[in-house]
J.: 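This is the structure, below, for whatever I ask next.
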Amino acid sequence: MSAIQSANSGEPVHAIALPEPDARPSGAGEHALDQAAIAVAQVAARFADAVDREARFPSEAIDAMREHRLLGAMAPVELGGMGASLEAVASACRILGHACSSAAMIYAMHQIEVICVLEHAMSVPWHRGFLRQVAEHEWLLASATSEDSVGGNLRNSRCAIEPDGDGAFTLHKLAPTISYGAYADAILATARRSPDAPAVEQVLVTILKDDTTLTRRSGWDTFGMRGTCSEGFVLESRGRQEQVFPVPFGEIAERTMVPASHILWSSLWTGIASDAFSRAHRYFRTQAQDKPTGASPAGSRIAEALGLLQAMQGRIDSALRVHARASASATRSWSETMADAAQINTLKTYVSITALQVVMHAVMICGMAAYKNGTPFTLSRHIRDLYSAPLMINNDRIDANTASLLLAQRPASLEKE
Ligand SMILES: Cc1cc2nc3c(=O)[nH]c(=O)nc-3n(C[C@H](O)[C@H](O)[C@H](O)COP(=O)(O)OP(=O)(O)OC[C@H]3O[C@@H](n4cnc5c(N)ncnc54)[C@H](O)[C@@H]3O)c2cc1C
């Protein structure tokens, strides 16, 4: 019986979507973390359907990340990490995205927090010690930027750092979404610098699990990314002033958090779309073998999907170059900074929409075998997970920001890479 016959027979076939050597996105195997990520992806793929069905934390995949030392990989070697680059982490995200979207998203979100510490807090002994602990114990870091009545506007906070005598502070934040908050060893939260500071005068603060109480206030019964367990919490914490980053959050967001988020999210979304493409490719080839004479109408779709995947990866590679150039240069002109920000914004909006287009092509190629659950070609999870992409910092909000950049910019300066 061919794979397609078994898919159409209605028999439940438990597909294990391992990242196959010929189905890996181009470039896999070239980066420092790829082998470890492939080993973790094999574990993640086995549990991806259960994680999605039960909306549960992908503990097997995260344990495997710890075993392969992937969580502390970006920490410098002298602090016990591997000094892995953003490019290597992006490649790992793409490989993990092939296997389990939620595990890949958790990995990406964790690394976004690590890179913020690396690029903006290494001058503070407390944060150097913190990063050493991340590497030693493979701590998992979460993020609390969203806030009630502020929504997805990263650059506004309602809560504030409240001085509590002798260099101590307390923080009380109503967080509508903290992915895997219940499983994190530390959380990086935004807040106003002080109770009398305006909403835009924000800082980033690292708070530790042992100093924090999270009271669950909403669940996470969503149609996709179910394993991220992105529940709402009342966050109450205390700490010391050295846990507050020494630079304003606006600078951290612009130079690091937004570019790293858009690059790593785009990488894992490309991984998800790439897995859908592999399933369609297998279906297409099996179909051609079963009916060797007639040309398949799926031919133009598979070619179009491949072109879109290549364009997505090309955009990520270009954004990685832009980010590396910006990180290496201490002085950037205002127009260069604006041009880079526009490119990083459109990376996110482009990849989040295009990934869904690739999956739609794959659905049209595989037909009912994609629509049914439990076939080797089922694509329900891919579509549902990818629908979070345009919402995760709403594309409309990002487009409005890009439009503001364009208004402030003379046309010629945006044409440079
Ligand atoms: C899988 C997943 C995991 C997440 N994990 C976390 C996490 O760990 N930590 C965290 O803090 N957050 C997390 N979030 C939340 C996320 O990052 C955003 O905060 C959230 O997606 C924004 O939610 P929203 O659509 O309700 O808000 P908004 O983006 O505030 O609301 C969207 C609405 O605002 C409108 N809008 C667009 N532009 C503007 C504008 N300029 N001004 C006013 N309104 C505008 C839109 O048209 C839309 O109607 C996660 C989200 C997802 C999907």
Side-chain angles (χ1 to χ4, degrees), residues 31-44 57-93 95-96 103-144 167-168 171 178-189 204-214 228-229 235 237-247 252 256-257 260 264:
H31 298 282
L33 304 179
D34 284 3
Q35 291 311 320
I38 289 166
V40 173
Q42 287 172 337
V43 175
F57 184 66
S59 48
E60 300 85 355
I62 306 301
D63 287 348
M65 286 176 200
R66 290 197 161 107
E67 186 191 329
H68 290 274
R69 309 210 60 77
L70 275 183
L71 295 180
M74 270 193 133
V77 174
E78 67 271 22
L79 296 182
M82 290 185 240
S85 64
L86 183 62
E87 193 176 357
V89 170
S91 180
C93 287
I95 291 166
L96 294 169
M105 180 54 83
I106 291 170
Y107 187 63
M109 289 196 276
H110 162 83
Q111 294 297 2
I112 292 159
E113 307 314 308
V114 172
I115 194 171
C116 287
V117 176
L118 262 174
E119 294 194 354
H120 299 281
M122 292 300 277
S123 61
V124 182
W126 188 91
H127 271 108
R128 285 184 71 82
F130 172 71
L131 211 50
R132 193 186 290 281
Q133 305 263 53
V134 170
E136 186 181 340
H137 305 296
E138 289 283 302
W139 275 355
L140 181 62
L141 313 187
S143 159
L171 177 66
I178 305 180
S179 292
Y180 56 94
Y183 302 87
D185 297 294
I187 298 174
L188 276 72
L204 187 64
V205 57
T206 303
I207 55 175
L208 303 176
K209 180 168 89 176
D210 288 348
D211 299 329
T212 304
T213 306
L214 290 178
T228 59
C229 301
L235 179 157
S237 187
R238 53 191 307 111
R240 303 202 51 82
Q241 279 297 333
E242 56 263 37
Q243 291 169 235
V244 178
F245 278 55
V247 292
I252 299 170
T256 306
M257 188 181 271
L264 297 186

J.: Any sub-3.5 Å donor-acceptor pair from Q241's side-chain atoms to G167's backbone N or O?
T.: no
J.: Counting C-beta onward and ignoring hydrogens, is there a side-chain heavy-atom pair between S143 and I112 closer than 4.5 Å?
T.: no
J.: Show the numbers, then the answer: is there a side-chain contact (heavy atoms from CB on, under 4.5 Å) between L188 and V117?
T.: CA-CA 9 Å; L188 276 72; V117 176; 4.1 Å; yes
J.: Any chance you could measure L141, atom CG, to L71, atom CG, to the nearest 0.5 Å?
T.: 8.0 Å
J.: Do the rings of F130 and H127 sit parallel, tilted or perpendicular, given the 30° and 60° boundaries?
T.: perpendicular
J.: What is the distance from atom CZ of R238 to atom CG of D211, rounded to the nearest 0.5 Å?
T.: 8.5 Å
J.: Does S237 use its side chain to pair, donor to acceptor, with the backbone of L171 at less than 3.5 Å?
T.: no
J.: Shortest non-hydrogen contact from A142 to S179?
T.: CB-O, 3.7 Å
J.: Using a 4.5 Å cut-off on heavy atoms from C-beta on, say whether the side chain of L264 contacts that of Y107.
T.: no
J.: Would H120 and T256 satisfy side-chain contact (heavy atoms from CB on, under 4.5 Å), going step by step from the backbone distance to the final call?
T.: CA-CA 9 Å; H120 299 281; T256 306; 2.6 Å; yes
J.: Working note: I115 + V89, criterion side-chain contact (heavy atoms from CB on, under 4.5 Å); need CA distance, chi angles, decisive distance, verdict.
T.: CA-CA 10 Å; I115 194 171; V89 170; over 6 Å; no
J.: Do you know which two heavy atoms are closest between C93 and A104, and how far apart they sit?
T.: O-CB, 3.9 Å
J.: Side chains of V43 and E67: does their closest heavy-atom pair fall under 4.5 Å?
T.: no
J.: So do the side chains of L140 and I106 get within less than 4.5 Å of each other, counting heavy atoms only?
T.: yes
J.: Hey, could you give me the CD/OG1 distance between Q243 and T206, rounded to the nearest 0.5 Å?
T.: 7.0 Å
J.: For P246 and V124, which heavy atoms make the closest approach, and how far apart are they?
T.: CG-CG2, 3.7 Å
J.: Relative to each other, are the rings of F57 and Y183 parallel, tilted or perpendicular (30° and 60° limits)?
T.: parallel
J.: Keeping the roles fixed (side chain from D34, backbone from H31), state whether a donor-acceptor pair exists under 3.5 Å.
T.: yes
J.: How about M122 and L79: do any of their side-chain heavy atoms sit closer than 4.5 Å?
T.: yes
J.: State, to 0.1 Å, how close K209 and A184 come at their nearest heavy-atom pair, and which atoms those are.
T.: CD-O, 3.3 Å
J.: For the residue pair L118 and P76, what are the closest heavy atoms and their distance?
T.: CD2-CD, 3.8 Å
J.: I'd like to check L235 versus I207 (side-chain heavy atoms, cut-off strictly below 4.5 Å). Are they in contact?
T.: yes
J.: For residues M74 and L86, determine if any side-chain heavy atom of one lies less than 4.5 Å from a side-chain heavy atom of the other.
T.: yes
J.: With no hydrogens and no angle check, is any side-chain donor or acceptor of E113 less than 3.5 Å from a backbone partner on H110?
T.: no
J.: Roughly how far, to the nearest 0.5 Å, is the CD1 atom of I38 from the CG atom of L96?
T.: 10.0 Å
J.: Which one of R69, M65, H68, Q133 satisfies the side-chain contact (heavy atoms from CB on, under 4.5 Å) criterion with E138?
T.: R69
J.: Between A103 and A44, which heavy-atom pair has the shortest distance, and what is it?
T.: CB-CB, 4.5 Å
